[in-house]
Amino acid sequence: MTSGGNRRSFTAAAALALASFGGAALAAPGPWQLNMERGASTWSQVPYHLNNVALAVCTVIGVLVFGAMFIAIFRFRKSRGAVAEKWSHNTMVEVVWTTIPVLILITLAYLATSGLTSWADTTGSQMTVKVTGYQWKWRYDYVDYMGKSIDKVGFMSKLDARSDQTRQLGSNMDPYAVKVGDENTYLLDVDKPLVVPVDTKIRFVITSGDVIHSWWVPATGWKIDAIPGIINAAWANFTTPGTYRGQCAELCGQDHGFMPIVVEVKSKADFAKWLAEQEAGSAAPAPAPQTAQVAAPAAGKQG
């Protein structure tokens with residue numbers, strides 16, 4: 001193969017690789033997807049684009065380095081009469097191939113530091129939700145919303161009953177039959193999802209009541225460890241209503257794989273209605289014991 005043919009081959013290979021990565025970057029999440037999920041929050045774009053920049057840098061470096069190596073192997077081989085040079089050092093070349101990687105690393109470090117630390121800046125939050133991990137479920141407590149405290153709105157969220165029945169040994173139930181609509185939700189659905197409003201900066205304060213867990217919903221762009229005795233915080237602002245799923249991302253015991261997370265993002269009007277219903281339910285007086293209702297007629301009859 002001639003040197004011109006080599007160059008055309010390497011150019012075509014590089015173009016194919018970049019086109020493949022570009023197509024993956026635009027694809028929706030699905031089986032065999034190569035790239036990260038874009039996410040559904042304002043911040044989730046930060047790690048997505050940072051990953052694409054780093055991937056592009058690695059691709060270009062790989063094409064250049066392996067391209068130069070293969071050209072040297074095929075074009076300057078002994079069978080073609082190539083004679084090796086006698087020099088062993090070139091100061092300018094060594095300065096260049098040391099300086100360029102340093103500049104690349106500094107640029108990537110700057111992008112990572114400035115971008116990946118902003119998810120912890122919860123100032124200006126419009127809502128606060130406390131997340132507590134337990135073996136093997138999550139508890140959600142609503143703390144405040146739009147400057148007003150929320151009283152007694154909280155619940156446990158655990159694996160949905162159908163997935164729980166299917167996972168049992170000897171159940172003979174088909175995991176692929178566990179669906180919500182057309183989506184297979186085996187081990188990915190819960191009995192009570194976390195409900196939040198769209199277009200709202202939500203502060204998540206995350207801890208654990210027993211062992212280390214990790215609260216991870218890919219649509220937020222981040223995950224945070226839930227550690228006993230420690231409060232970690234992050235924020236998310238969901239831009240699109242919908243249902244977003246995640247899982248515990250820390251090995252927390254024998255049922256670690258059965259600890260999903262579901263976040264249901266509603267419009268602000270629908271969320272306000274849902275929150276009012278929850279507050280009304282928590283404020284309703286407990287029903288009187290049945291024994292007291294039966295005892296009263298009995299007492300009247302004796303009189």
> About how many Å separate NZ of K268 and OG1 of T200, when rounded to the nearest 0.5 Å?
Replying inline: 4.0 Å
> Shared ILVMFWY cluster between L103 and V95, side chains joined below 4.5 angstrom?
Replying inline: no
> Do any N or O atoms from the side chain of R203 and from the backbone of S125 form a donor-acceptor pair under 3.5 angstrom?
Replying inline: no
> With T117, which residues qualify under side chain to side chain donor-acceptor pair (under 3.5 Å), at least two apart?
Replying inline: none
> Taking all atoms of both residues into account, what is the closest heavy-atom pair of I231 and V205, and its distance?
Replying inline: CG2-CB, 3.9 Å
> Yes or no on side chain to side chain contact (heavy atoms under 4.5 Å, CB included) for F204 and V217, after CA distance, side-chain angles and deciding distance?
Replying inline: CA-CA 12 Å; F204 293 90; V217 177; over 6 Å; no
> With no hydrogens and no angle check, do the side chains of N35 and N51 hold a donor and an acceptor under 3.5 Å apart?
Replying inline: yes
> Which heavy atom of S157 sits nearest a heavy atom of K137, and at what distance?
Replying inline: O-CB, 3.4 Å
>> Is any side-chain heavy atom of R245 closer than 4.5 Å to one of T185?
In response: yes
> Can you check whether Y142 and W274 have ring centres sitting under 6.0 Å from each other?
Replying inline: yes
> Which atom pair, heavy atoms only, marks the closest approach of S208 to A226?
Replying inline: CB-O, 3.3 Å
> Say you draw a straight line from OG1 of T59 to CG of L64; how long is it, rounded to the nearest 0.5 Å?
Replying inline: 10.5 Å
>> Does M69, at its CE atom, have more than 12 non-hydrogen atoms belonging to other residues, nucleotides or ligands within less than 6.0 Å?
In response: yes
> Measuring from S79:OG to R77:CZ, what's the distance to the nearest 0.5 Å?
Replying inline: 4.0 Å
>> Distance check, rounded to the nearest 0.5 Å: N52 atom CG versus M36 atom CE?
In response: 8.5 Å
>> Are the side chains of T240 and V265 in contact, using a 4.5 Å heavy-atom criterion?
In response: no
> Do side-chain atoms of T98 reach the backbone of E94 as a donor and acceptor pair under 3.5 angstrom?
Replying inline: yes
> Any sub-3.5 Å donor-acceptor pair from N237's side-chain atoms to S41's backbone N or O?
Replying inline: no
> Quick one: does Q247's side chain have a donor or acceptor within less than 3.5 Å of a partner on M259's backbone?
Replying inline: no
>> When you measure from the side chain of S44 to the backbone of R38, do you find a donor-acceptor pair of N or O atoms at a distance under 3.5 Å?
In response: yes
> How long is the gap from CE on M127 to CE on M146, to the nearest 0.5 Å?
Replying inline: 9.5 Å
>> Set out, in order, the CA-CA distance, both residues' side-chain angles and the distance that settles side chain to side chain contact (heavy atoms under 4.5 Å, CB included) for I104 and I61, then state yes or no.
In response: CA-CA 11 Å; I104 292 173; I61 291 174; 4.1 Å; yes
> Taking C-beta and beyond as the side chain, do I261 and L194 meet within less than 4.5 Å on heavy atoms?
Replying inline: no
> For the residue pair V53 and L108, what are the closest heavy atoms and their distance?
Replying inline: CG1-CD2, 4.1 Å
> Can V131 be reached from I150 by stepping across I, L, V, M, F, W or Y side chains whose heavy atoms are under 4.5 Å apart?
Replying inline: yes
>> Are N184 and Y176 packed together at the side-chain level, in the sense that at least one heavy-atom pair is separated by less than 4.5 angstrom?
In response: yes
>> Atom NZ of residue position K152 - does it have more than 12 heavy atoms of other residues, nucleotides or ligands inside 6.0 Å?
In response: no
> Is L188 reachable from W216 through a run of hydrophobic residues whose side-chain heavy atoms are each under 4.5 Å from the next?
Replying inline: no
> Is T243 reaching over with its side chain to a backbone N or O of E264, donor-acceptor style, under 3.5 angstrom?
Replying inline: no
>> Looking at R162 and D189, would you say the former's side chain and the latter's main chain have a donor-acceptor pair under 3.5 Å?
In response: no
> What's the verdict on side chain to side chain contact (heavy atoms under 4.5 Å, CB included) for W119 and I224, showing C-alpha distance, side-chain angles and the deciding distance?
Replying inline: CA-CA 11 Å; W119 61 268; I224 291 190; 3.4 Å; yes
>> So, taking the atom named CD in Q126 and the one named OH in Y145, what distance separates them when rounded to the nearest 0.5 Å?
In response: 7.5 Å
> Short question: side chain of T122, backbone of A234 - any donor-acceptor pair under 3.5 Å?
Replying inline: no
>> Could you check whether any side-chain N or O of D160 sits under 3.5 Å from a backbone N or O of S163, counting only pairs where one atom can act as donor and the other as acceptor?
In response: yes
> So which heavy atom on T166 is nearest to which on V178, and how close?
Replying inline: OG1-CG2, 3.7 Å
> For N90, does the CG atom have more than 12 heavy-atom neighbours from other residues, nucleotides or ligands under 6.0 Å away?
Replying inline: yes
> What about Y134 and I230, same hydrophobic cluster or not, with Ile/Leu/Val/Met/Phe/Trp/Tyr joined at side-chain heavy-atom distances under 4.5 Å?
Replying inline: no
> Are side-chain heavy atoms of L159 and P260 found at a separation under 4.5 Å?
Replying inline: yes
> Where is the tightest heavy-atom contact between V96 and P101, given as atom of each residue plus distance?
Replying inline: O-CD, 4.2 Å
> So does K130 have more than 12 non-hydrogen atoms from other groups sitting under 6.0 Å from NZ?
Replying inline: no
>> Run R75 and R80 through side chain to side chain contact (heavy atoms under 4.5 Å, CB included) and show every step you take.
In response: CA-CA 8 Å; R75 184 177 179 183; R80 294 190 60 179; 4.1 Å; yes
> Are V153 and V129 connected in the hydrophobic side-chain network, where two residues link if heavy atoms are under 4.5 Å apart?
Replying inline: yes
>> I'd like to check T107 versus Y110 (side-chain heavy atoms, cut-off strictly below 4.5 Å). Are they in contact?
In response: no
> Any ion pair linking D182 and K179 (charged N to carboxylate O, less than 4.0 Å)?
Replying inline: no
>> So, applying ring-ring contact (aromatic ring centres under 6.0 Å, His included) with F238, which one of Y244, W43, F271 is it?
In response: Y244
> Can you check whether H213 reaches Q135 side chain to side chain, under 4.5 Å on heavy atoms?
Replying inline: yes
> Do any N or O atoms from the side chain of D255 and from the backbone of W136 form a donor-acceptor pair under 3.5 angstrom?
Replying inline: no
